[in-house]
Number of protein chains: 2
Amino acid sequence: MTDTPARLLNLLSLLQTPREWPGSELATRLGVSPRTIRRDIERLRDLGYPVQATMGADGGYRLAAGAAMPPLVLDDEEAVAIAVGLRAGAGHAVEGIEEASVRALAKLEQVLPSRLRHRVGALQAATVPLVGGDGASVDPHTLTVMASAATGQERLRFAYRKGDGEETKRLVEPHRLVSTGRRWYLVAYDIDRDDWRTFRVDRVSEPFATGARFTPRELPAADAAEYLSRSMAGLQPTYRVVAAFEAPAEFVAARLPRWLGMPVATGDTSCRLDVTTADSLEWVAFRLALVDCEFAVHEPPALIEHLRELGARISRAAG
Amino acid sequence: MTDTPARLLNLLSLLQTPREWPGSELATRLGVSPRTIRRDIERLRDLGYPVQATMGADGGYRLAAGAAMPPLVLDDEEAVAIAVGLRAGAGHAVEGIEEASVRALAKLEQVLPSRLRHRVGALQAATVPLVGGDGASVDPHTLTVMASAATGQERLRFAYRKGDGEETKRLVEPHRLVSTGRRWYLVAYDIDRDDWRTFRVDRVSEPFATGARFTPRELPAADAAEYLSRSMAGLQPTYRVVAAFEAPAEFVAARLPRWLGMPVATGDTSCRLDVTTADSLEWVAFRLALVDCEFAVHEPPALIEHLRELGARISRAAG
DNA sequence: CGATCTAGGACACGTCCTGGCCTATATGGG
DNA sequence: CCCATATAGGCCAGGACGTGTCCTAGATCG
């Protein structure tokens with residue numbers, strides 16, 4: 001409280017409250033004269049924070065939207081809410097911002113007080129994983145540890161469950177996290193195997209940043225996404241799904257995630273969807289049923305079988 | 001950039017990066033001597049931010065978790081990611097932190113630069129509303145405007161669609177937002193009608209804070225939640241849902257949201273769920289089907305009918 | 001053992017921060 | 001209309017404090 005910088009930070013946090021503060025109240029609250037408050041406001045404006053003032057009787061200051069993000073001052077509950085929200089969305093985030101979302105979560109969790117961390121964990125446990133599917137859900141904690149290690153250029157140690165169920169210990173230099181559809185991959189240089197590898201994040205457990213720094217190697221590809229798609233080509237079983245809907249293409253498109261592709265209109269009130277890269281039939285079945293209109297699945301047989309079972313189960317539930 | 005406070009904020013933002021910074025690099029980057037950096041670190045520590053230092057060769061500083069949240073310095077993408085994540089979760093947030101979640105969103109959107117606001121809007125449009133249900137989804141923008149007006153004690157103007165479909169104009173003094181299950185309500189004092197009212201947020205459109213301040217009146221109840229439940233008693237149609245599952249109670253509980261209540265075990269591999277306050281049958285049907293085990297619905301008839309249709313539709317889709 | 005980092009005391013110089021006082025200006029209410 | 005109250009900002013005096021340049025001590029790794 002003796003410092004000018006501390007006061008400015010306090011001021012910034014007060015101004016982020018969605019209300020107006022008269023200068024006199026700010027002065028008494030921060031323990032300085034109103035004149036100094038006016039100067040502090042000026043300082044904040046010089047720093048680029050657009051402090052808005054309303055003139056006249058019962059005027060006051062508030063922080064408006066500007067050119068750059070000001071440092072967000074959150075109270076405990078807000079921080080927990082953001083952390084829980086981001087973790088809930090970590091598995092199936094909106095496409096295009098998955099990486100940024102994980103980065104933000106890592107940044108927040110790095111400085112999250114431990115008592116709040118417990119609350120986040122408890123609430124996270126209470127949350128319902130929306131996709132039952134094949135159970136390949138990612139642990140937000142794993143994601144954030146990996147993201148931190150990648151940007152911090154620290155070596156990473158973890159246990160990896162291979163496709164055949166065997167557990168192996170890995171020591172890698174993490175390069176980047178890549179999200180495809182709803183699955184996460186880590187592109188990293190495997191120290192022991194002395195080569196680049198990709199790891200499915202849902203098969204990783206007990207990730208641990210060793211603290212040892214490394215200098216980034218050059219990836220043998222234009223970027224991590226390209227390397228991933230090259231290394232996955234022909235490797236994992238993917239399905240091609242073809243379905244027809246009895247509803248306008250816009251109606252269906254609005255109810256499907258983008259990465260499933262866009263439906264093509266086959267008439268005024270019908271359209272067709274062709275998904276080439278589906279990797280979980282349960283998930284696709286679930287999304288199709290959610291569209292809330294008549295539809296028919298033409299391919300693959302496994303999906304048709306799964307839908308038959310689901311429909312039968314629901315019918316049985318109805319007595 | 002000439003100021004000490006500005007440098008401290010910059011330093012704080014650098015230290016939030018998940019990596020270690022040697023003092024010398026911080027010095028050159030911020031354009032001051034290493035000694036000043038050491039003093040700045042000390043200042044931050046005095047302010048309560050736990051700057052962790054590792055000694056020895058290639059040591060450095062980083063920001064650790066402490067007692068209080070430091071101001072979060074986000075880049076553009078991270079801010080957008082948080083905003084989108086919170087908006088996506090605004091409708092059906094994790095129980096217990098809905099209000100905090102909306103507060104955080106309001107705080108963020110208040111200072112979000114407009115160019116980022118456009119990106120948030122675009123991504124938000126691309127997001128899929130998870131619950132089709134009765135279409136009573138809330139607009140995150142409406143929520144944040146209302147939350148800001150309530151905590152900022154500003155009068156609020158909006159259009160309200162009553163139960164019979166009629167549009168009315170309202171001018172209110174917002175008191176609090178309350179979330180029950182997946183629905184949002186505003187408890188406010190209606191100026192024109194000169195009495196307290198509750199409004200369903202999903203029926204509100206074009207909310208607008210007038211800027212006129214008011215002094216809070218005393219609510220004729222212990223708190224907003226109590227007032228809401230009193231004013232809703234016997235008013236809105238709620239259903240009682242009874243369902244039986246052929247799976248252990250823990251299995252079912254883990255796949256149901258808390259506000260639906262807890263299933264009661266009726267055997268080792270069976271349990272029973274009794275929901276007294278369901279307000280949307282589509283939503284309940286959807287959640288029950290998601291549990292992924294055999295189940296049967298005993299009540300109400302409307303839900304059974306809905307399930308019958310859903311099951312038939314899925315079966316038809318399977319050809 | 002030496003290199004390299006953090007940690008921090010001492011000192012001197014100059015800057016800038018503060019409070020008090022002034023005026024100008026915008027706004028709303030009696 | 002006029003007055004109260006708010007922001008906005010200039011000017012000035014005095015003193016606090018931030019700065020760079022020394023210095024030494026302690027920790028850690030190769």
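These numbers come from a predicted model, not from an experiment. Order of the sequence lines sets the chain letters (A, B, ...), proteins ahead of strands, with each chain counted from 1.
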Subject >> Evaluation steps, salt bridge (Lys or Arg N to Asp or Glu O under 4.0 Å), between A:Arg43 and A:Asp40 >> reply: CA-CA 5 Å; A:Arg43 265 192 277 261; A:Asp40 285 349; 2.7 Å; yes
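- At whole-Å resolution of the value, CG in B:Leu15 and C1' in C:dT6 are 14 Å apart.
- The CH2-P distance, from A:Trp21 to D:dA6, rounds to 15 Å in whole Å.
- We find that CG of A:Asp40 is positioned 13 Å from P of D:dA8, with the value rounded to whole Å.
- Nearest to the side-chain atoms of A:Ser33 among the listed nucleotides D:dT19, D:dA8, C:dG19 stands C:dG19.
- For D:dG18, neither phosphate oxygen OP1 nor OP2 lies less than 4.0 angstrom from any side-chain nitrogen or oxygen of B:Thr4.
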**OP:** Classify every nucleotide of nucleotides 22-29 of chain D by which part a protein heavy atom approaches to under 4.0 Å, writing B for the base, S for the sugar-phosphate alone and - for neither, in 5'-to-3' order.
**Re:** ----BBB-
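- Atom P of nucleotide C:dC16 and atom CZ of A:Arg7 are separated by 16 Å, given to the nearest angstrom.
- Rounded to whole Å, the distance from CG on B:Leu44 to P on C:dT6 is 15 Å.
- The line from CD1 of B:Ile191 to CD of B:Glu173 is 4.0 Å long, rounded to the nearest 0.5 Å.
- Considering every non-hydrogen atom in both A:Leu86 and B:Ala81, the closest pair reads CD2-O, 4.2 Å.
- Side-chain proximity of A:Tyr61 to C:dT18, D:dG20, D:dA8: nearest is D:dA8.
- The residue among B:Arg39 and B:Gly23 whose nearest nucleotide of DNA chain C lies closer to the 5′ end is B:Gly23.
- Spacing between atom CG of B:Asp46 and atom P of D:dG18 amounts to 11 Å, rounded to whole angstrom units.
- With hydrogens and angles disregarded, no donor-acceptor distance shorter than 3.5 Å links the side chain of A:Gln16 to the backbone of A:Leu74.
- Taking all atoms of both residues into account, the shortest heavy-atom contact from A:Val73 to A:Glu78 is O-OE1, 4.3 Å.
- Straight-line distance from the CD atom of B:Gln52 to the P atom of C:dA7: 11 Å, rounded to whole Å.
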Original post:
Given the rule in the side-chain hydrogen bond (donor to acceptor under 3.5 Å, both in side chains) test, do A:Ser148 and A:Gln110 qualify, once you have shown the distances and angles that lead to the verdict?
Top reply: CA-CA 9 Å; A:Ser148 292; A:Gln110 186 191 352; 5.8 Å; no
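- A donor N or O paired with an acceptor N or O is not found under 3.5 Å between the base of D:dG18 and the side-chain atoms of B:Arg43.
- A straight line from CD1 of A:Ile41 to P of D:dA6 spans 15 Å, rounded to a whole angstrom.
- For A:Phe158 and A:Phe199, the distance between ring centers is under 6.0 angstrom.
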